[in-house]
Peer 1: 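Sharing a structure with you now.
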Amino acid sequence: MGPVLLECRMLDPRSQRASPMVPAPSSAYVDVILPRRLHRPFTYLIPPELKDRVVVGRSVVVPFGSQDLHGLVIAVYPQLPPGAPQEGLKAIRSLSAASADHLLTADQIGLSQWVAERYAAPWGQCIKLVLPPVGRGGPPQPRYVLTAQGLARHSSVDPLGETETEVLARLRRRPKGIMATTLLKGDKARLTLALHTLVKQGLVGRCDEPVAPRTLRSTMPPGDTSAVALPMEPEEAADGVEPTPPKAMLWPTVLEQARTKQTLSPLLLQGTHRTRQWCLMQAAQATIRLEKQVLILTGDVEQASRLAGFLAARGERPMLLHSGLSMKARAAVWQAAQEGSVKILIGTRMAVFAPLSRLGLVWVDGEDDASLKEEQVPRYHAREVAHHRASREGAVLVLASNHPSLESLSAVQEGRLTACVYRAPEQLPRVNVIDMKHSPRDVGGGMVLSPPLIEGLRGALRQNALSILYLNRKGFASVLHCGDCGAMPQCDACSVALTFFRRSNHVRCHYCGRTRPVPEHCPRCQSLKLEPVGSGTERVEEAVRRQFPQARVGRVDGETIRRPADARALHRLLTAGDIDILIGTQMIFRLGFHGRALFVALPDADAGLHVPDFRSAERMYHALLDAAALARPAAVGGQLLIQTRLAEHHAIMALASGDEEVFVQQEQAFRQMLQYPPWTCLVRLDVSGTKEAVVSHAAERWAAVLRARAAGRERTVAVLGPSPASHVLRRGRYCWQILIKSSSPEVGKEIAMRTREELERESRRGGLRYDIDVDPVSMA
DNA sequence: AGCACGCCGACT
DNA sequence: GTCGGCGTGCTC
């Protein structure tokens, strides 16, 4: 009984007064977390027949309202816990079949609880993160089966409706039942109704247990190739090889110091793709030698596969875990992790919750990648969860990137991270900035191809070498900019691009919500040519084709690359040298074709700044560095050309001078001045619903309640907004947002949670929902 | 979240 | 007159 009591003291806030000295006669009550949007556990009785089998971490089936749900036991008590209702308690129905053979560990439960608290998410939703990926996306599919009565009934005694008869016939053909989703496909309303009457008549029953209890042992041995990445690309051609920077030779020593805790903080590794791969290899092998496990996180599936291929080519047996895998494959990997047969696990953000019990190394590759942040409700950031796990489980944490986030760079300055900069300037191409301020524009308002750009393409063509044109367009928000100098009207208070509303002819800051009439002239050059940023970039391909009709032009973007197979096909073309000029968006980086192009150009480098987000400059700087990484080193003729109207922007200056500090210092000063992260913490509140007026009203109300609550604490909390998140509704819902700036994440989060409770109690009409996003990473 | 119960408009 | 829409409250 001791361990049970100990665990419930650790896990449940309500049990603090439980004394471990009192000998527990027998455990009779449990607290259960349910997979619903509920913030607290529910108490149940343990039926005598399950007395010894219900322990902390066990998944159980419990009655909840009118239905049965799978829930997780988080505490066991000998007596009625305080706060639970005195009477009317129901008993646990049964153990969950799906999890009959394993328990969640205290670590896993603790991790889910930490996520719930850190990101202000209901614990029930966070439990799903640490559960095996079988039942994700809802409880084990409920199925409908014919009851004995229904089976016996051949012809209708009572007249049954047409639909009812039809449903009965379908069920008769399927003795094991039909999943609710399958059964209800088609005319859902009518079928639901028919089903309802059949259930009421006792002809059909509902069953929540899975058909076949998952036993995936024999079918999928760990290390099965279907779960392992195959090296998709041959090793980089010789012309793309960069030397490993000499400084990186210190890496093994640094690692060893980190492992033995001589270095007290986690590591921030800065270097190119290739350098990071080398360092990762060292770190992974060292970890495996110590019989520990390696967890590698990436921002996207392609990078995960690429790293897996790289490690596999060197004799390791990495396993992959990401959303591209089938549920079955994911479950197999999860189980292999649990059994301890996995030495290296590589995956996207979800993998950070994998049940690795001997974690020795957590490696976050591309730590600045925004995709590490989950945009759905447990809105966790995998980098942060990784940090938490590593420190709790005594693993070495390495954050790696070619261009670390400003958050991490600031953490280095504060001593919370130890920087390892393994950069070699000779890896970079020659950079050429073309100031387009006074160049004419094409008819569509887009950037024109400047003579140096055309010359660069021509030169590469002559040498039969690859050129890449990178279209750094990201934002979809309508933003104004000056047709002459490229400057954007910004919010005076928030310094983000103002969003333009054509209909009402006004501009609005979507951080603080302030509205103004459209400015008449450019704030910088007084030109009258303020216009919405166009889609002129689409013209680039056309212009290139017109200029070089004989060139073989390839395109990469969301439309041309739909499936992984498309990417592979294009990769083959590139490898074979069948493409002269490649034009594309961010997608280009997913091809993993780094250091290969002779000539790389950004026809409209400023496009990335036209996003109303305080991180837009940082994103642009990263995009520039990424573009540079596509090109060969200067020594072998690599060239990067940037067309810009903002040649004196610190991101461009930093790239042109090759001095990162130019960017970092100015950006930090900017963030500090305007009180943005990493100097403050942001919490974004989302109000959404189906009726616009109701949503905006609720948002106003929430902001007012927040301001009242923050009164007198102006130095630590500021409330901005509300403002419409975007004029296009998201999934048929209107969204408004509020921003809270606070001196610590706790302050902002606390005030948000308190007031949300209040608002939720107050009004739910119009399908209103109140969401909290702690440390939002995208503000669109 | 889901579900049931309850109160108001357009249909046989 | 009912059917069925959604708003509201509750779930151990």
Side-chain angles (χ1 to χ4, degrees), chain A residues 8 12-15 27-47 50 54 58-77 79-94 112 116 120-129 131 135-142 144 161 163 180-181 184 187-197 199-200 206 208 376-379 686 688-691 693-695 697-698 731-733 756-772:
Chain A
C8 72
D12 187 67
R14 293 199 322 218
S15 60
S27 305
Y29 302 91
V30 291
D31 268 359
V32 173
I33 285 286
L34 297 161
R36 288 270 187 284
R37 245 182 152 231
L38 297 161
H39 292 261
R40 55 176 206 287
F42 286 77
T43 307
Y44 288 87
L45 297 162
I46 305 179
L50 294 178
V54 174
R58 172 69 74 195
S59 179
V60 291
V61 179
V62 292
F64 191 67
S66 62
Q67 47 183 348
D68 287 3
L69 291 177
H70 291 260
L72 183 82
V73 176
I74 52 148
V76 181
Y77 308 92
Q79 285 139 12
L80 189 71
Q86 301 291 112
E87 49 192 62
L89 286 189
K90 295 182 183 172
I92 291 174
R93 197 137 278 169
S94 64
S112 72
W123 193 356
Q125 313 257 94
C126 301
I127 285 289
K128 293 184 201 161
L129 301 171
L131 285 176
R136 292 266 181 99
Q141 299 287 356
Y144 288 94
T163 322
T181 47
L184 295 176
D187 192 344
K188 195 165 175 196
R190 185 204 295 281
L191 287 164
T192 310
L193 185 68
L195 209 48
H196 200 76
T197 52
V199 172
K200 251 197 269 181
R206 236 180 83 147
D208 281 335
Q376 308 279 296
V377 148
R379 302 182 131 112
D686 266 9
S688 68
T690 49
K691 296 189 178 105
V694 177
V695 173
H697 183 260
R731 273 192 285 132
R733 297 172 70 83
R756 168 169 68 179
E757 249 171 67
E758 212 171 299
L759 270 278
E760 275 177 343
R761 233 176 299 122
E762 220 171 75
S763 166
R764 269 179 52 191
R765 82 193 113 229
L768 279 177
R769 266 184 46 190
Y770 305 89
D771 269 357
I772 298 176

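All chains are named by letter (A, B, ...) in the order of the sequence lines, taking the proteins before the strands, and each is independently numbered beginning at 1.
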Peer 1: Keeping A/Y77 on the side-chain end and A/D31 on the backbone end, is there a donor-acceptor pair under 3.5 Å?
Peer 2: no

Peer 1: Roughly how far, to the nearest 0.5 Å, is CZ of A/R769 from CZ of A/R37?
Peer 2: 5.0 Å

Peer 1: At 4.0 Å (heavy atoms only), tell me whether A/F64 reaches a base, stays on the sugar-phosphate, or touches nothing.
Peer 2: base

Peer 1: Does A/R37 place a side-chain N or O at less than 4.0 Å from the phosphate oxygens OP1/OP2 of B/dA1?
Peer 2: yes

Peer 1: Could you tell me the separation between the SG atom of A/C126 and the CD1 atom of A/I33, rounded to the nearest 0.5 Å?
Peer 2: 9.5 Å

Peer 1: Nearest whole angstrom, please: distance from the P of C/dG9 to the CZ of A/R36.
Peer 2: 20 Å

Peer 1: Describe the nucleic acid contact of A/L38 in one word from base, sugar-phosphate, nothing, applying a heavy-atom distance below 4.0 Å.
Peer 2: base

Peer 1: CG/A/L38 to CD/A/Q125 distance, rounded to the nearest 0.5 angstrom?
Peer 2: 9.0 Å

Peer 1: What is the distance from CZ of A/R93 to C1' of C/dC12, rounded to the nearest Å?
Peer 2: 13 Å

Peer 1: Expressed in angstrom and rounded to an integer, what is the separation of A/Y77 atom OH from C/dC12 atom C1'?
Peer 2: 12 Å

Peer 1: For the pair made of CG in A/L89 and C1' in C/dC12, what is the distance, rounded to whole Å?
Peer 2: 6 Å

Peer 1: Can you find a side chain N or O atom of A/Q67 that sits less than 4.0 Å from OP1 or OP2 on B/dG2?
Peer 2: no

Peer 1: How would you label the contact of A/P63 with the nucleic acid (heavy atoms, under 4.0 Å): base, sugar-phosphate, or nothing?
Peer 2: sugar-phosphate

Peer 1: Nearest whole Å is fine: how far is C/dT11 C1' from A/Y44 OH?
Peer 2: 7 Å

Peer 1: Atom CG of A/L768 to atom C1' of B/dA1: distance rounded to whole Å?
Peer 2: 16 Å

